[in-house]
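Heads up, the thing below is written out as C-alpha cells.
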Amino acid sequence: MLRSHNCGELRVSDVGCEATLCGWVESKRDHGGAVFIDLRDRYGVTQVVIGPPEADQPAIDFAGRVGAEWVIKAHGSVAHRLEGKVNEKLSTGEIELRCAAVEVLNASVAPPFVPSQPDLPNEDLRLKYRFLDLRRPQMQRSLITRSQIIKEMRDYFAEHDFIDVETPILGRSTPEGARDYLVPSRVHPGQFYALPQSPQLYKQILMVAGFDRYVQVAKCFRDEDLRADRQPEFTQLDLEMSFVDAEDVIAIIDGLVDRVVRKVLGRAIPTPLPRMTFEEAMRRYGSDQPDLRFAMEIVDITEIAKTVEFRVFRATADSGGFVRGIKVAGQAEDFSRRRLDELTEFVKRDFGARGLAWFRVEADGTLWSPTSKNFTAEELSAITAAMNAQPGDLLLFLADSWNVTCRGLAGLRKRLGAELKLYSPDSLHCSWITDFPMFERDEESGQWHAKHHPFTAPLAEDLELLATDPAACRAQAYDLVINGSEAGGGTIRIHDPATQQQVFELLGIDEATARDRFGFLLDALKYGAPPHGGIALGIDRWVMLLAGLENIREVIAFPKTQKATDLMTEAPGNVDADQLNELRLRTVSVKT
RNA sequence: GGCGCUGUAGCUCAAUUGGUUAGAGUACCGGACUGUCGAUCCGGUGGUUGCGGGUUCGAGCCCCGUCAGCGUCGCCA
C-alpha cells in the first residue's frame, strides 16, 4: 500500500505517530509561508499541513501549486491542531498531518465541477463526468448502502439454504411482457437472442431440477420508457422455492426486510408486515401500490350521488359509474381557485378524468363549491357526514368509471401527500398487497392478459372461476410495497399441465405458440415438477427507498438517461459495416 | 407518441414592461500572504444567452421549429 492510513481514521490517539495518506485534493488554502490541503478519499477528509518547521520554502511553494482533484501522497506526523483550531465539521478535525512535502501521484486538469460543490451541477453534466460525480460523498454513501443491502441479502439467503445459480443473459424472446432487448446471432443469421426481462423461466426449471431454494442477484432488461424509478437495465434479487405456498414466501421476505432494515439502517420495522388485498387497496387508495405513510383514504359517495340534482354526479352514478373522493384535511383556505384549477387540469390530463368537483367545509360546517347550488342542504350534509369532514377541510371528488376514479384519486393522493408533506422524510412503510386478479381485459380488443405472468397459479378456491368468470379469478400473487412504490412481486406458479393449458387458452396463446416459445418449461412441468413459487425484489428501488432518495439514478453507478443513452460512454453508438455484414444485418431509414 | 418544466461564462445563478456595453459568486490564470478550514487581499482571462427561423426600430425575454436533460401519461406479463 502506498498509504499507512486512510483519510477518515486518524484521531487524537494517533498523535505523535507517523502516517502516510493518499487521496484527492478537496481544497487548498495557500498562505505563502504554509499550505493547508484537505485531502479526501472514500473514508473521509484529513487536513494536511505543509509549513515550517517541517517543510522548507521550496516544498511549501510546490504544495501551493497543486490543484483541485489532484491525487497526492502526504507523509508526516500526526499532530494536535493548535489551541482553538479544531474543525468540528470533520471527524478527523482534532488532528492534522504535518508534512515536510507532498508527492504528486497524478495531476488533474481543471474539473468542470468539483465533488465538494454545494449546488449540484445539471444532471447531464453529472452523467457525462460520472467519475467526478461518483467522488461526491453522497454518491459514495448511496453505493456503499447498496453494497451493504446486497451483502445482507446474500448472507440471509445463504443462511436459509438458498443456492445461488447464475442464469443466461442470452435467452430467447417470449411473448407478452415488456419489449425485449434483442441480440443478433452471428451463427444463425436472422435469428435473435433476447436479454432476460427476468430469470422467470430458468428459476422454475431449477425447481423442477430439485434445487429447492434458488437465489440470484440478476440483471434484467426491459426496453420500455424510463421513469424516475425505472431504468432499462436493473437488478433484481430473484428467488424461487419448492414445496411452498404464498405464506412461506412472504414469511421469508418479512425476515429479509427485518434484517436489512436492522443491519443497514439500524432501525426496527415490525414484522410480519401488514397485508392488504388488491381489492381493498383499490377501494381505499385507488392503487395496488398505495403509499401508506399517510391516510387520506378514498370514500365512495356513489349512493348519495344517485339522489342528487347535480347532473355530473347523478348521471355518472345512475349509469354504473362511481363518485368517490378524498378529504384534504385543513386545506380549504390554502387552495386557491388557481391551485384547484391546476389539480383539475392534472386529473384531466394525466388520468383522463372529465373534471374535478371540490367543496370547502365552511366554519359553520356547511359545504361550499361553485356547484353547491345544485345540491340540497340535506345532500350536502350527507356528503359531509360520509367524508367525516370538519370545518376547514377541502373535499375532492371524481365522478367517473371505477378505473378513472381509482387512478385519478391515487394520483391526487400521491401528489398532495408529497406537496403537503403528509409524512416525514424518513418514515418507512412496507406492506404486502395480495390476491391480485389473475387477468386484466384489454378494453379495446377484449383480449385477456395475465396481470402478473402466464405461469401464475390461481387461488385454490377460485380455480373454477377460470372457466366461468376469469375477471373474478384471483391469483396467488403478492407484491411488496414500500412507501407507495412496488419493491417486489411474486407468485406461486402453476405446476399442473392441465391448469397451465387452461390459462394459455384464456390468454389466447395457442398450443403451437406455447410450444414454440416455452415448450421447454411445459416439458419440464411434465417430469415431476414440485409445487413452487417465488418473488423478485427490485434492488435499485430498495436502495433508493431505504436511502430516502427520490431517483433511481442516484443508486446506480452508471445509469441511463430518459432516452436510454449513457452520456459518459455515449452508448448506444454506431458499429462498423463489417460487424453488421457479419450479422447479416442492414439498417433502413424510416420516413416519419 | 402526448403533456409539462429547464437550458445565460468551466460550474451555480441574476438580468425590472421587450430597451445602454448581459452581471455576481465560484473555478481558472498572475501577484501578495505563517494557522487556514467556503481562507483572505489585489489584478486578469472568460459569453454565437442550446441550435435554426420569425415578430419588432430593438429579443436572453415574445412566437414557431429543433436538440438535450428532467418530470409525467401511454408503455412497463
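Residue numbering restarts at 1 for every chain, and letters A, B, ... go by the order of the sequence lines. In this text, all values refer to a predicted model and were calculated from it rather than measured experimentally.
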State, to 0.1 Å, how close A/Tyr478 and A/Gly534 come at their nearest heavy-atom pair, and which atoms those are.
OH-O, 2.9 Å
Stacking between A/His31 and the base of B/rA39 (centre distance under 5.5 Å, interplanar angle under 30°)?
yes
Side-chain donor/acceptor of A/Arg230 to base of B/rC75, under 3.5 Å:
yes
N/O (side chain, A/Thr565) to phosphate O (OP1/OP2, B/rG69) under 4.0 Å
yes
Tell me which of A/His80 and A/Glu550 sits closer to the 5' end of RNA chain B, going by the nucleotide each one is nearest to.
A/His80
Nucleotide nearest A/Lys563 when distance is taken to its side chain, options B/rC11, B/rG69, B/rG71
B/rG69
Compare the aromatic ring of A/Phe113 with the six-membered base ring of B/rC11 and state whether they stack according to the 5.5 Å and 30° rule.
no
When the distance from CD of A/Glu342 to P of B/rU72 is rounded to whole Å, what number comes out?
17 Å
Counting only side-chain nitrogens and oxygens, does A/Lys89 get under 4.0 Å of the OP1 or OP2 atom of B/rG38?
yes
Minimum-distance nucleotide to A/Gln562 side chain [options: B/rC70, B/rU36, B/rC11]
B/rC70
Is there a donor and acceptor pair closer than 3.5 Å between the side chain of A/Arg29 and the base of B/rG38?
no
Can you check whether A/Arg407 has a side-chain N or O nearer than 4.0 Å to OP1 or OP2 of B/rG74?
yes
Taking any heavy-atom pair under 4.0 Å as a contact, classify A/Asn122: base, sugar-phosphate, or nothing.
sugar-phosphate
Choose from B/rC37, B/rC11, B/rC70 the nucleotide whose nearest atom is closest to any side-chain atom of A/Pro121.
B/rC11
Could you state the CG-P distance from A/Asp124 to B/rG10, rounded to the nearest angstrom?
14 Å
To the nearest Å, how far apart are A/Asp56 CG and B/rU34 P?
15 Å
So, is A/Arg553 close to the B/rG71 phosphate, meaning a side-chain N or O under 4.0 Å from OP1 or OP2?
yes
Has the side chain of A/Gln47 got a donor or acceptor atom sitting under 3.5 Å from an opposite partner on the base of B/rU36?
yes
With no angle test and no hydrogens, is the base of B/rC37 tied to the side chain of A/Asn87 by a donor-acceptor pair under 3.5 Å?
yes
Indicate yes or no: does A/Asp30 engage A/Lys28 in a salt bridge with an N to O separation below 4.0 Å.
no
Let me know the distance between CD1 of A/Ile60 and P of B/rA32, rounded to the nearest Å.
14 Å
Looking only at B/rC11, B/rU34, B/rU72, the nucleotide nearest the A/Ala34 side chain is B/rU34
Hey, are A/Thr405 and A/Arg324 close enough side-chain-wise for a donor-acceptor pair under 3.5 Å?
yes
